[in-house]
*Asks:* 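Got a structure here, written out as structure tokens. Questions coming.
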Amino acid sequence: MVKVRFAPSPTGFLHLGSARTALFNWLYARHTGGKFLLRIEDTDKVRSSKKFLDEILGDLKWLGIDWDEEPLCQSQRFDVYRQKAEEILAMGNAYKESEAVIFKVEKGRQVEVDDMIHGKIAVNTDDIKDQVMIKSDGSPTYNFACVVDDTYMEITHILRGDDHISNTPKQILFYEAMGLTPPKFGHMPLILGQDGAKLSKRHGGVSVEEYKKEGFLPGALANYLILLGWFPGEDREVLSLDEAVKLFDINDMSDVQAKFDIQKLRWLNGEYIMKHKTEELLPLIKDQLLTAGFDISGITDEYISKLVDLYKIRIKTLSELGDLADWFFRDDFTVDEEGKKKYLEKEGNRENVKIFADRLEGLEDFSRENIEKICREIAEERELKAADIIHPTRMAISGKTRGAGLFETMELLGKERVIKRMRGIHK
RNA sequence: GCCCCUGUCGUCUAGCUUGGUCUAGGACAUCGCCCUUUCAAGGCGGCAACACGGGUUCAAAUCCCGUCGGGGGCGCCA
């Protein structure tokens with residue numbers, strides 16, 4: 001049975017690259033009916049914290065990743081590492097130096113790795129220094145603990161980032177020293193920033209948490225991350241985790257590093273938003289509005305839902321709704337000055353809005369159809385273009401030059417607020 | 001410096017294993033048109049790539065060699 005693992009270090013947030021690594025391991029396990037395990041690499045007592053661990057696990061769940069069995073914590077296995085190192089020492093393959101236990105690397109031979117993604121990789125041991133297994137303070141080094149634990153956990157396949165390629169021969173040497181057969185390795189290329197350098201803070205968001213806050217949907221982020229390095233075939237791009245599990249094939253993974261393209265992620269997110277049911281979007285949208293400082297206490301879910309229905313095809317992230325539709329939540333909405341100049345300063349336009357407002361006063365059933373009818377009637381009577389009524393009116397009620405259709409927007413806002421705002425521009 | 005990975009449109013990629021079907025396909029972005037009350041969405045179309053140089057071959061994006069470029073690693077960090 002396939003057994004893979006994801007081994008985060010709780011010394012910081014979950015990086016997009018790590019999330020991608022986790023995703024592919026999970027995909028491989030679920031596709032093959034194997035197990036996906038977690039191992040917490042918290043050997044660095046100073047930098048590790050519970051807070052980071054909770055955040056990382058929370059982000060994994062948020063992305064749709066679940067794991068089998070309880071996570072293994074390295075901090076609780078120091079005795080095991082020391083014992084294994086002692087065994088190697090006893091066999092004469094290591095030596096001690098200032099309390100540290102150091103593995104003796106046999107020179108002049110080749111270590112070969114049959115990488116699942118790259119194919120054969122060969123390294124000469126002349127290029128590998130002797131390796132510390134146990135540090136002077138008694139804690140294990142990364143490479144050593146990794147091998148001891150992967151053995152203990154019976155990991156069959158190790159799928160990790162390209163940056164670990166040079167660790168692999170060192171680890172294989174440990175496996176050999178302990179008389180073990182190494183698992184299969186697969187190294188996936190790293191994600192790069194737009195400028196081709198390793199994806200880092202200066203490229204914008206690098207943590208899953210940041211994208212979550214921005215209003216990206218987990219499905220969209222996971223979908224995008226998966227696409228960065230794996231091609232599902234048949235020009236498929238938008239696919240759920242379930243579909244990805246079915247289609248996943250490690251042989252289709254790319255061996256070339258890819259640049260992170262926020263534009264494509266935004267597009268994908270937009271696709272997910274518009275296809276999502278409004279009722280599923282609602283709680284997420286409300287969270288966004290709340291953090292953005294909108295007071296939505298007096299507004300019903302039903303009412304906000306209507307706004308979401310109107311806007312979900314127009315936003316790429318959930319946080320954009322607040323910017324685009326602040327007029328829905330407050331009377332002191334922001335006004336597009338360019339648009340104001342263009343539509344409200346234009347000769348006759350304010351007058352058109354006034355006439356429109358006057359006629360709307362007497363309208364009983366304030367429906368989009370009726371509103372539109374009146375608008376078109378006025379245009380015809382006065383030989384105007386409907387646009388000369390529509391644009392200034394949109395400016396008057398929303399302060400924006402863009403947004404949902406005017407008549408449905410008016411219906412949504414309600415007669416009273418609409419007329420008040422239309423008259424407001426004459427002051 | 002040494003070691004390793006890698007190089008198809010601006011970006012993600014299909015094609016490369018089994019050379020000809022590739023005047024290189026799709027998607028994002030971009031540009032134009034249609035629809036239209038704006039913005040989106042949708043529809044249609046345009047621009048745009050085999051890093052370079054040598055081979056091998058009747059024929060190379062596909063095979064071989066070299067050059068150049070990009071990335072990663074060389075910690076008693078993980």
Side-chain angles (χ1 to χ4, degrees), chain A residues 7-12 18 41-44 46-48 74 97-102 113 115 117-119 121-124 126-129 131-146 161-170 187-192 194-198 224 227-238 251-252 254-268 270-271 274 310-316 324 339 342-343 372 375-376 379 385-391 393-395 398 400-409:
Chain A
S9 178
T11 53
S18 306
E41 309 216 321
D42 53 354
T43 56
D44 187 332
V46 183
R47 294 198 298 140
S48 297
Q74 293 193 322
E97 196 177 284
S98 62
E99 290 308 302
V101 186
I102 304 171
V113 186
D115 193 281
I117 294 169
H118 293 288
I121 299 175
V123 178
N124 193 297
D126 288 349
D127 296 316
I128 304 175
K129 289 194 268 186
Q131 297 293 308
V132 174
M133 295 184 287
I134 302 295
K135 306 178 207 169
S136 312
D137 67 358
S139 65
T141 55
Y142 165 74
N143 279 322
F144 189 63
C146 197
D162 248 355
D163 50 343
H164 284 284
I165 287 187
S166 57
N167 284 326
T168 305
K170 299 171 187 173
H187 293 92
M188 51 187 128
L190 266 19
I191 304 178
L192 269 30
Q194 295 89 325
D195 59 355
K198 199 173 177 179
Y224 179 68
L227 240 35
L228 226 47
W230 174 59
F231 184 65
E234 294 173 3
D235 291 333
R236 292 289 309 274
E237 291 207 305
V238 182
N251 295 315
D252 293 333
S254 166
D255 58 357
V256 188
Q257 50 219 169
K259 289 177 186 158
F260 184 80
D261 182 9
I262 188 70
Q263 292 299 340
K264 188 140 186 181
L265 206 210
R266 285 174 56 76
W267 166 76
L268 245 187
E271 292 288 307
M274 73 176 100
L310 249 38
Y311 277 85
K312 67 179 179 183
I313 61 163
R314 291 166 223 270
I315 54 175
K316 298 283 185 243
L324 215 52
K342 187 174 176 190
Y343 296 119
E372 175 161 11
C375 176
R376 306 249 178 237
K385 280 191 294 184
D388 285 331
I389 304 173
I390 290 168
H391 293 311
T393 302
R394 179 182 290 106
M395 274 308 298
S398 73
K400 311 285 181 285
T401 58
R402 38 186 301 226
L406 178 67
F407 308 117
E408 44 196 8
T409 301

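The basis for the numbers below is simple: all heavy atoms, side chains too, and nothing from hydrogens, waters or symmetry mates. In what follows, chains are A, B, ... by sequence order, proteins preceding strands, each numbered from 1. Note that the structure is a prediction, hence the values are computed from the model and not measured.
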*Asks:* Please tell me if Arg376(A) has a side-chain N or O lying less than 4.0 Å from either OP1 or OP2 of U37(B).
*Replies:*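 The answer is yes; a side-chain N or O of Arg376(A) sits under 4.0 Å from OP1 or OP2.
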*Asks:* Using the C1' atom on both, measure C63(B) against U56(B) and round to a whole Å.
*Replies:*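 Looking at atom C1' only, C63(B) and U56(B) are 8 Å apart.
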*Asks:* Between G45(B) and U37(B), how many Å separate the two P atoms, rounded to a whole number?
*Replies:*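 About 25 Å, rounded to a whole number of Å.
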*Asks:* Would you mind pulling out the nucleotide paired to C63(B), Watson-Crick or G-U wobble, both distances under 3.5 Å?
*Replies:*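 Paired with C63(B), as far as the under-3.5 Å criterion goes, is G55(B).
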*Asks:* Residues in salt bridge (Lys or Arg N to Asp or Glu O under 4.0 Å) with Lys170(A), at least two apart?
*Replies:*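 For Lys170(A), no residue satisfies salt bridge (Lys or Arg N to Asp or Glu O under 4.0 Å) once neighbours in sequence are set aside.
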*Asks:* Which residues pass the side chain to side chain contact (heavy atoms under 4.5 Å, CB included) test with Ile262(A), sequence neighbours left out?
*Replies:*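 Once residues adjacent in sequence are excluded, the partners of Ile262(A) under the side chain to side chain contact (heavy atoms under 4.5 Å, CB included) criterion are Gln194(A), Tyr211(A), Phe216(A), Phe260(A), Leu265(A), Arg266(A).
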*Asks:* Count the heavy atoms of every other residue, nucleotide or ligand shown that sit under 6.0 Å from NZ of Lys135(A), and state whether that count exceeds 12.
*Replies:*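 For Lys135(A), atom NZ is crowded (more than 12 foreign heavy atoms under 6.0 Å).
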*Asks:* Taking only residues two or more places apart in sequence or in another chain, which ones pass side chain to side chain contact (heavy atoms under 4.5 Å, CB included) with Thr168(A)?
*Replies:*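 Counting only residues at least two positions away or on another chain, Thr168(A) forms a side chain to side chain contact (heavy atoms under 4.5 Å, CB included) with Val113(A), Arg160(A), Ile172(A), Phe185(A), His187(A).
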*Asks:* With sequence neighbours left out, write down each residue that passes side chain to side chain contact (heavy atoms under 4.5 Å, CB included) with Ala404(A), or none if nothing qualifies.
*Replies:*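 Residues passing side chain to side chain contact (heavy atoms under 4.5 Å, CB included) with Ala404(A): Leu310(A), Tyr311(A), Arg314(A), Glu408(A), Thr409(A).
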*Asks:* When you match Asp255(A) and Phe407(A) each to their closest nucleotide on RNA chain B, which lands nearer the 5' end?
*Replies:*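 It is Asp255(A) whose nearest nucleotide is closer to the 5' end.
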*Asks:* More 5' along RNA chain B: Leu228(A) or Glu372(A), using each one's nearest nucleotide?
*Replies:*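 It is Leu228(A) whose nearest nucleotide is closer to the 5' end.
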*Asks:* Please enumerate all residues that pass salt bridge (Lys or Arg N to Asp or Glu O under 4.0 Å) together with Arg402(A), with sequence neighbours excluded.
*Replies:*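 Arg402(A) satisfies salt bridge (Lys or Arg N to Asp or Glu O under 4.0 Å) with no other residue.
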*Asks:* Using the P atom on both, measure U6(B) against C64(B) and round to a whole Å.
*Replies:*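 Straight-line distance between the two P atoms is 13 Å.
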*Asks:* Does A41(B) pair with anything, Watson-Crick or G-U wobble, both distances under 3.5 Å, and if so, with which nucleotide?
*Replies:*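 Partner of A41(B): none.
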*Asks:* Dump every N/O contact between nucleotides 41-47 of chain B and the protein below 3.5 Å, one line per pair.
*Replies:*
residue	atom	partner	partner atom	Å
A41(B)	OP1	Lys316(A)	NZ	3.3

*Asks:* Any side-chain N or O of Lys264(A) under 4.0 Å from OP1/OP2 of C12(B)?
*Replies:*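 Checking Lys264(A) against C12(B): no side-chain N or O falls below 4.0 Å of OP1 or OP2.
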*Asks:* Classify the side-chain pair Asp137(A)/Ser139(A) by whether it contains a donor and acceptor separated by less than 3.5 Å.
*Replies:*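 Yes, a side-chain donor-acceptor pair sits under 3.5 Å.
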*Asks:* For U62(B) versus A14(B), give the span between their C1' atoms, rounded off to a whole number of Å.
*Replies:*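 Looking at atom C1' only, U62(B) and A14(B) are 13 Å apart.
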*Asks:* Please identify each residue that fulfils salt bridge (Lys or Arg N to Asp or Glu O under 4.0 Å) with Asp44(A), with sequence neighbours left out.
*Replies:*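 Only Arg47(A) meet the salt bridge (Lys or Arg N to Asp or Glu O under 4.0 Å) criterion with Asp44(A).
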*Asks:* With a 3.5 Å distance limit and no angle check, can you tell me whether Glu99(A) reaches the backbone of Glu97(A) through a side-chain donor-acceptor pair?
*Replies:*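 No: the side chain of Glu99(A) does not pair with the backbone of Glu97(A).
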*Asks:* Between G70(B) and G75(B), how far apart are the C1' atoms? Round to whole Å, please.
*Replies:*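 Per the computed distance, 25 Å lies between those C1' atoms.
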*Asks:* The criterion is side-chain hydrogen bond (donor to acceptor under 3.5 Å, both in side chains); which residues satisfy it with Gln257(A), sequence neighbours excluded?
*Replies:*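 Residues passing side-chain hydrogen bond (donor to acceptor under 3.5 Å, both in side chains) with Gln257(A): none at all.
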*Asks:* Let's see if you can work this out: which of U37(B), U13(B), C5(B) has an atom nearest to the side-chain heavy atoms of Ile390(A)?
*Replies:*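 Minimum distance to the Ile390(A) side chain belongs to U37(B).
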*Asks:* On a whole-Å scale, what distance lies between the P atoms belonging to U23(B) and A61(B)?
*Replies:*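 About 9 Å, rounded to a whole number of Å.
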*Asks:* Under the rule for salt bridge (Lys or Arg N to Asp or Glu O under 4.0 Å), what residues qualify as partners of Asp162(A), not counting sequence neighbours?
*Replies:*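 Salt bridge (Lys or Arg N to Asp or Glu O under 4.0 Å) list for Asp162(A), sorted by chain: empty.
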*Asks:* Once you apply a heavy-atom cut-off of 4.0 Å, does Glu237(A) come out as touching a base, just sugar-phosphate, or nothing?
*Replies:*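 Base contact.
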*Asks:* Sticking with atom C1', work out how far A51(B) lies from C44(B), rounded to a whole angstrom.
*Replies:*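 Rounded to whole Å, the distance is 34 Å.
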*Asks:* Could you write nucleotides 69-78 of chain B as a row of B, S and -, 5' to 3', where a protein heavy atom under 4.0 Å of any base atom gives B, of only sugar-phosphate atoms gives S, and otherwise -?
*Replies:* -BSSSSSBSB
*Asks:* If we call it a pair only when both distances are under 3.5 Å in a Watson-Crick or G-U wobble match, what pairs with U30(B)?
*Replies:*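 U30(B) is paired with G46(B).
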*Asks:* Name all residues meeting the side chain to side chain contact (heavy atoms under 4.5 Å, CB included) criterion together with Asn251(A); count only those two or more places apart in sequence or in a different chain, and write none if there are none.
*Replies:*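 Asn251(A) satisfies side chain to side chain contact (heavy atoms under 4.5 Å, CB included) with Asp249(A) once adjacent residues are dropped.
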*Asks:* P atom, C50(B) versus G73(B): distance in rounded Å?
*Replies:*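 Comparing P positions in C50(B) and G73(B) gives a spacing of 31 Å.
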*Asks:* Check every strand shown and say whether Gly229(A) touches a base, only sugar-phosphate, or nothing at a heavy-atom separation below 4.0 Å.
*Replies:*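 Answer is sugar-phosphate: Gly229(A) comes under 4.0 Å of backbone atoms only.
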*Asks:* Using nucleotides 62-67 of chain B, report all nitrogen or oxygen pairs with the protein that are shorter than 3.5 Å.
*Replies:*
none

